[in-house]
Number of protein chains: 2
Amino acid sequence: MAERGYHHGDLPATLVRTAMEMLAEDGGAELSLRAVARRAKVSPAAPYRHFPDRMALLSAIAAVGYRELLADLTARQPEPKTADDLADLAVAYVDFALARPGLFRVMFAEGCDRTSPDRVAAVAAIHAFLAAVVERAMRTDDPAAVATGMWALVHGLAFLHLDGKLDAEPAAARTARVRATVAAMLSARTR
Amino acid sequence: MAERGYHHGDLPATLVRTAMEMLAEDGGAELSLRAVARRAKVSPAAPYRHFPDRMALLSAIAAVGYRELLADLTARQPEPKTADDLADLAVAYVDFALARPGLFRVMFAEGCDRTSPDRVAAVAAIHAFLAAVVERAMRTDDPAAVATGMWALVHGLAFLHLDGKLDAEPAAARTARVRATVAAMLSARTR
DNA sequence: GTGCGGATGTGAGTGTCGTCAACATTGCGG
DNA sequence: CCGCAATGTTGACGACACTCACATCCGCAC
C-alpha cells in the first residue's frame with residue numbers, strides 16, 4: 001500500500017479497482033485508459049506495462065464482474081429449490097445489471113477476449129450454478145436446455161431494461177414485473 | 001442520383017446506406033463517422049449538416065435495423081399459430097443477430113437516443129407483433145408478460161450467442177439448439 | 001435571365017484517445 | 001555494492017468527434 005514513489009506497488013490491481021470505481025460512478029461513459037491512469041495518478045503509458053491493450057484491462061474487469069455477479073446470485077439464494085427461489089435469482093440478475101450498468105456492459109461487450117481463461121471459467125461457473133438450480137427446482141427432460149433458456153431469459157430481461165426497451169419504472173415495480181414474467185413463462189402452455 | 005458535384009443529392013440516406021454496408025462487411029469494427037464520410041466521398045464535417053452527432057446517425061441506422069428485423073420475422077412467419085411457429089420466430093431473431101452482428105449491436109447499444117420517435121415506434125411494433133403472436137399461439141393468463149418473456153428469451157439467446165457465451169457451433173446446430181431451448185422453456189414445469 | 005439567400009459541403013483547428021519508443025528510476029539478486 | 005530487469009515517464013503519432021469560418025450551389029423572386 002505504499003502510496004507514493006516512482007513505483008507503485010500493485011498497479012494492475014489498482015487499475016482494475018480504479019476502473020470499477022469509475023464505472024460505478026458513471027456507468028454510461030466510455031472508460032478510457034487515459035482517464036483510468038489519470039485517476040490512478042499514473043502516466044498514460046504506465047498501464048501498458050501490465051495490460052497489452054485497453055481490451056485486456058476491460059477483460060480483467062469483466063472477470064471480476066462475473067465473480068461478483070455469481071456472488072450476488074448465491075448470496076440471494078444459496079440453495080434455491082422452488083420456482084419462487086428461481087424468480088428471486090432472476091430479480092437478482094436484473095438488479096445487478098441495473099445497479100451496475102457500466103460493469104454489466106463491459107462484461108457482455110464485443111471485442112472482449114472470448115478465450116481468456118478467467119472469463120471462460122467465470123462464465124462456466126455461472127452456467128453450472130444455473131444448471132444446478134434448474135436440476136433442483138424444475139421438472140423437465142432437457143435440463144441443459146432449460147438452464148440455457150433461463151439464462152437467456154434473465155439476460156434478455158436485463159438488457160431490455162438496460163436499453164430502455166421496456167417501460168422505465170421504479171425498482172419495486174420492476175421487481176414485480178420480472179417475477180411476473182418468469183412466472184408467466186414457466187406456466188405458459190402452447191395452445 | 002447525381003454522382004458528382006459539390007452538392008450530393010441525398011447525403012443523409014447515402015450515409016445511412018454506406019454505414020450499413022460497412023457494418024455488414026465488418027460487423028466487429030467501430031463505426032467511425034469519419035470512415036463513413038470517407039467511404040461516401042465526402043468531407044469529415046459534411047455529416048454534421050444532417051446529423052447533430054455520431055449517435056444520431058447510429059440511431060437512424062438502428063431504426064432501419066428494427067424495420068428490417070421485423071420484416072425478417074414477419075417474412076418467416078406471417079401468421080404464426082403453433083409453438084413450432086414460435087420457435088421459427090426465435091430462430092429468425094437469433095439468425096438476424098448472428099448474420100448482422102454489427103447492425104444488431106448498434107440497435108441495442110447504450111447511448112442511443114431512447115426517445116427518438118422512429119426508435120420508439122419500431123420497438124413498439126416489434127413488441128406488438130410478439131404480443132399478437134403470443135395471443136394466438138399460447139395459452140396463458142398473462143399474455144403481456146409472456147410476450148415480454150419471449151422477447152427477453154430470444155434477445156438473451158441472441159446476445160449470448162453473439163458474445164460467445166454459448167459454445168460456438170455451425171448454423172444448423174445453433175438452429176436446433178434455439179428450437180430445443182424454446183421448446184424446453186415452454187414445456188418445463190416447476191417441481 | 002439574373003441575382004440573391006439559405007442549404008449544403010470544405011478546410012483548418014482543438015482536444016481527446018490508444019498506442020508506441022526512448023529514456024528514467026528503482027527494487028532485488030549476485 | 002553493483003548491475004539488470006521490472007516498472008514508470010515523456011513525448012510523439014495517427015485517428016477520432018466535433019466546431020467554425022469560408023466556399024459553392026440550388027431554387028426562387030423579380
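Please read all numbers here as calculations on a predicted model, not as lab measurements. Quick note: numbers below take in every heavy atom, side chains included, and nothing from hydrogens, waters or symmetry partners. Per chain, numbering begins at 1; letters A, B, ... match sequence-line order.
Rounding to whole angstrom units, CZ of residue Arg34(B) and C1' of dG14(D) are separated by 10 Å. The distance between atom CZ of Phe51(A) and atom P of dG8(D), rounded to the nearest whole Å, is 11 Å. Rounded to a whole Å, the NE2 atom of His50(A) is 6 Å from the P atom of dT7(D). One atom, CZ of Arg54(B), and another, C1' of dC16(D), lie 9 Å apart when rounded to the nearest Å. Rounded to an integer number of Å, the gap from Leu33(A) CG to dC16(D) C1' is 16 Å. Going from atom CG of Leu31(B) over to atom P of dC16(D) covers 11 Å, rounded to whole Å. Lys41(B) has its NZ atom 20 Å from the C1' atom of dT8(C), to the nearest Å. Atom CZ in Arg39(B) sits roughly 14 Å away from atom P in dC16(D) (whole-Å rounding).
Remark: the backbone N or O of Ala56(B) is paired with a side-chain donor or acceptor of Asp53(B) at under 3.5 angstrom.
A salt bridge is absent between Glu30(A) and Arg105(A); no separation between the charged side-chain nitrogens and carboxylate oxygens falls under 4.0 Å. With respect to the salt-bridge test (charged N to carboxylate O, under 4.0 angstrom), the residues Arg191(A) and Glu135(B) do not qualify. Between Asp85(A) and Arg136(A) there is no salt bridge, since none of the side-chain N atoms of the basic residue sits less than 4.0 Å from a carboxylate O of the acidic one.
Checking dC16(D), dT19(D), dG18(C) against every side-chain atom of Ser32(A), the shortest atom distance belongs to dG18(C). Side chain of Pro44(A), nearest nucleotide from dT10(D), dC20(C), dC20(D): dT10(D). For Asp53(B), the side-chain atoms get nearest to dC18(D) when compared with the rest of dC18(D), dT10(C), dG18(C).
In this model, no side-chain donor or acceptor of Arg38(A) finds a partner on the base of dT16(C) within 3.5 Å. Side chain Arg49(A) to base dG8(D): a donor-acceptor pair is found below 3.5 Å.
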